[in-house]
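Single-structure report; data block below.
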Amino acid sequence: MTAGAVSAQTLALPQPQNVLQLSANSTVEVQQDQLSMTLSTSRDAADAATVQTQLKTALDAALAEARKNAQPGQMDVRTGNFHLSPRRNRDGTLTGWQGTAELVLEGRDFPRIAQTAGRISTLTIRNIGFSLSREQQAKAEAEAQGVAIDNFKQRADELAKRFGFSGYTLREVSVNANLGAPFQPRIMAMEAKAASSDAPVPVEAGKATVMVNVSGSVQLK
């Protein structure tokens, strides 16, 4: 027998026996606590310089108003897309320029963001979105993870006894968390903006689900 054959026999491992594969889940529903509101404006003119100047003027005015109420974490202010593009007719001839500019208000203080958006007159609301802050998501994941692990252990214990064993030991386990699709929030932003340019924008956040899956194998004993 060659040395290679002996080595292969020495390293051969017995097939695992009485190993059970299982998984358990837990879902936590949590209130969205992060609001992102995007305001924008569009301009067009015969030349790019005019469009750029008009967009800059509108954006500067919006920034000046927004910065009055800015507060880290509660309402952060940042610029979004600033885009210029040529406008052409069917023949491909340049007929002018068009562009858009965006301002983003985001944070946890919904009333502050809504009131600030209502005071900005040079931009209009383009999009409103809700999400979970890192802290809120981490808290929800920790809660769901604890429940999922308990469910996994309980299920492993029950299955072990049903198969005629007294208990089990863990072989391997993986824990995975993911954020489910949020519930659709109720938003009346466009109607409110049209009704009164300086009125707070009515917004109401929905809820999101944080799901944790615990899966793995146990050795029945």
Side-chain angles (χ1 to χ4, degrees), residues 1-38 72-76 78 80-81 102 104-110 113-114 126-189 202-221:
M1 185 178 293
T2 65
V6 173
S7 176
Q9 286 184 345
T10 303
L11 294 176
L13 297 176
Q15 291 295 321
Q17 295 182 344
N18 302 328
V19 174
L20 179 66
Q21 301 281 344
L22 71 154
S23 66
N25 300 286
S26 177
T27 301
V28 172
E29 186 178 295
V30 61
Q31 187 75 31
Q32 294 168 315
D33 65 337
Q34 192 84 4
L35 169 63
S36 177
M37 191 173 292
T38 302
Q74 301 304 308
M75 189 187 82
D76 295 306
R78 63 180 176 85
N81 293 326
E102 293 180 345
V104 181
L105 311 177
E106 55 190 0
R108 299 180 185 176
D109 192 336
F110 291 9
I113 295 172
R126 179 180 179 183
N127 182 63
I128 296 176
F130 296 93
S131 61
L132 296 180
S133 64
R134 291 181 180 178
E135 296 80 4
Q136 185 82 322
Q137 184 169 344
K139 181 180 178 181
E141 284 182 4
E143 180 182 348
Q145 178 177 285
V147 175
I149 291 174
D150 288 343
N151 290 344
F152 182 92
K153 292 163 61 178
Q154 181 180 351
R155 189 177 181 202
D157 189 59
E158 290 176 352
L159 289 173
K161 291 177 180 178
R162 286 183 176 273
F163 280 111
F165 293 85
S166 61
Y168 68 92
T169 56
L170 283 175
R171 285 176 58 89
E172 59 181 22
V173 65
S174 64
V175 180
N176 298 291
N178 64 83
L179 185 63
F183 293 91
Q184 185 65 33
R186 285 171 283 179
I187 304 173
M188 298 169 286
V203 293
E204 184 176 349
K207 294 184 178 181
T209 55
V210 175
M211 296 171 285
V212 172
N213 173 264
V214 178
S215 60
S217 61
V218 297
Q219 178 72 56
L220 302 179
K221 63 178 185 178

With sequence neighbours excluded, what pairs up with Glu135 under the side-chain contact (heavy atoms from CB on, under 4.5 Å) test?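 With sequence neighbours excluded, Glu135 shows a side-chain contact (heavy atoms from CB on, under 4.5 Å) to Arg108, Ser133, given in chain and number order.
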Would you please name every residue forming a side-chain contact (heavy atoms from CB on, under 4.5 Å) with Ser36, sequence neighbours left out?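 Residues passing side-chain contact (heavy atoms from CB on, under 4.5 Å) with Ser36: Val104, Glu106.
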Nearest 0.5 angstrom please: [X] [atom1] to [Y] [atom2], how far?
X      : Y      : atom1 : atom2 : value
Leu35  : Ser131 : CG    : OG    : 8.5 Å
Gln137 : Gln34  : CD    : CD    : 11.0 Å
Ile113 : Gln74  : CD1   : CD    : 8.5 Å

[X] to [Y] - nearest heavy-atom pair and separation:
X      : Y      : result
Val203 : Phe130 : CB-CZ, 3.9 Å
Gln31  : Leu132 : O-CD2, 3.5 Å
Gly216 : Phe152 : N-CE1, 3.8 Å

Using side chain to side chain donor-acceptor pair (under 3.5 Å) as the criterion, list what pairs up with Glu158, not counting sequence neighbours.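 With sequence neighbours excluded, Glu158 shows a side chain to side chain donor-acceptor pair (under 3.5 Å) to Gln154, given in chain and number order.
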Could I get the full list of side chain to side chain donor-acceptor pair (under 3.5 Å) partners for Gln136, not counting sequence neighbours?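 Gln136 satisfies side chain to side chain donor-acceptor pair (under 3.5 Å) with no residue once adjacent residues are dropped.
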Kindly indicate whether the side chain of Val30, heavy atoms from C-beta on, has any atom under 4.5 Å from the side chain of Glu143.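 No - every pair of side-chain heavy atoms lies 4.5 Å or more apart.
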Measuring only between side-chain heavy atoms, which start at C-beta, is Val28 closer than 4.5 Å to Val147?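 They are not in contact (no side-chain heavy atoms under 4.5 Å apart), so the answer is no.
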Results of salt bridge (charged side-chain N to carboxylate O under 4.0 Å, His left out) for [X] - residues two or more places apart only:
X      : value
Glu102 : Arg126
Asp157 : Lys161
Asp109 : Arg112

Might you work through the side-chain contact (heavy atoms from CB on, under 4.5 Å) test for Val218 and Leu159, ending with a clear yes or no? CA-CA 10 Å; Val218 297; Leu159 289 173; over 6 Å; no
Less than 3.5 Å apart, which donor and acceptor atoms pair up between the side chains of residues 162-176 and the rest of the protein, not counting sequence neighbours?
unit_1, atom_1, unit_2, atom_2, d
Ser166, OG, Lys221, O, 3.3
Arg171, NH1, Gln219, OE1, 3.4
Ser174, OG, Ser215, OG, 3.1

Taking the side chain from Gln145 and the backbone from Val212, do they hold a donor-acceptor pair closer than 3.5 Å?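 No: the side chain of Gln145 does not pair with the backbone of Val212.
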Pair up each side-chain donor or acceptor in residues 19-26 with any protein partner under 3.5 Å, not counting sequence neighbours, and list the distances.
unit_1, atom_1, unit_2, atom_2, d
Asn25, OD1, Asn213, ND2, 2.6
Ser26, OG, Ala144, O, 3.4

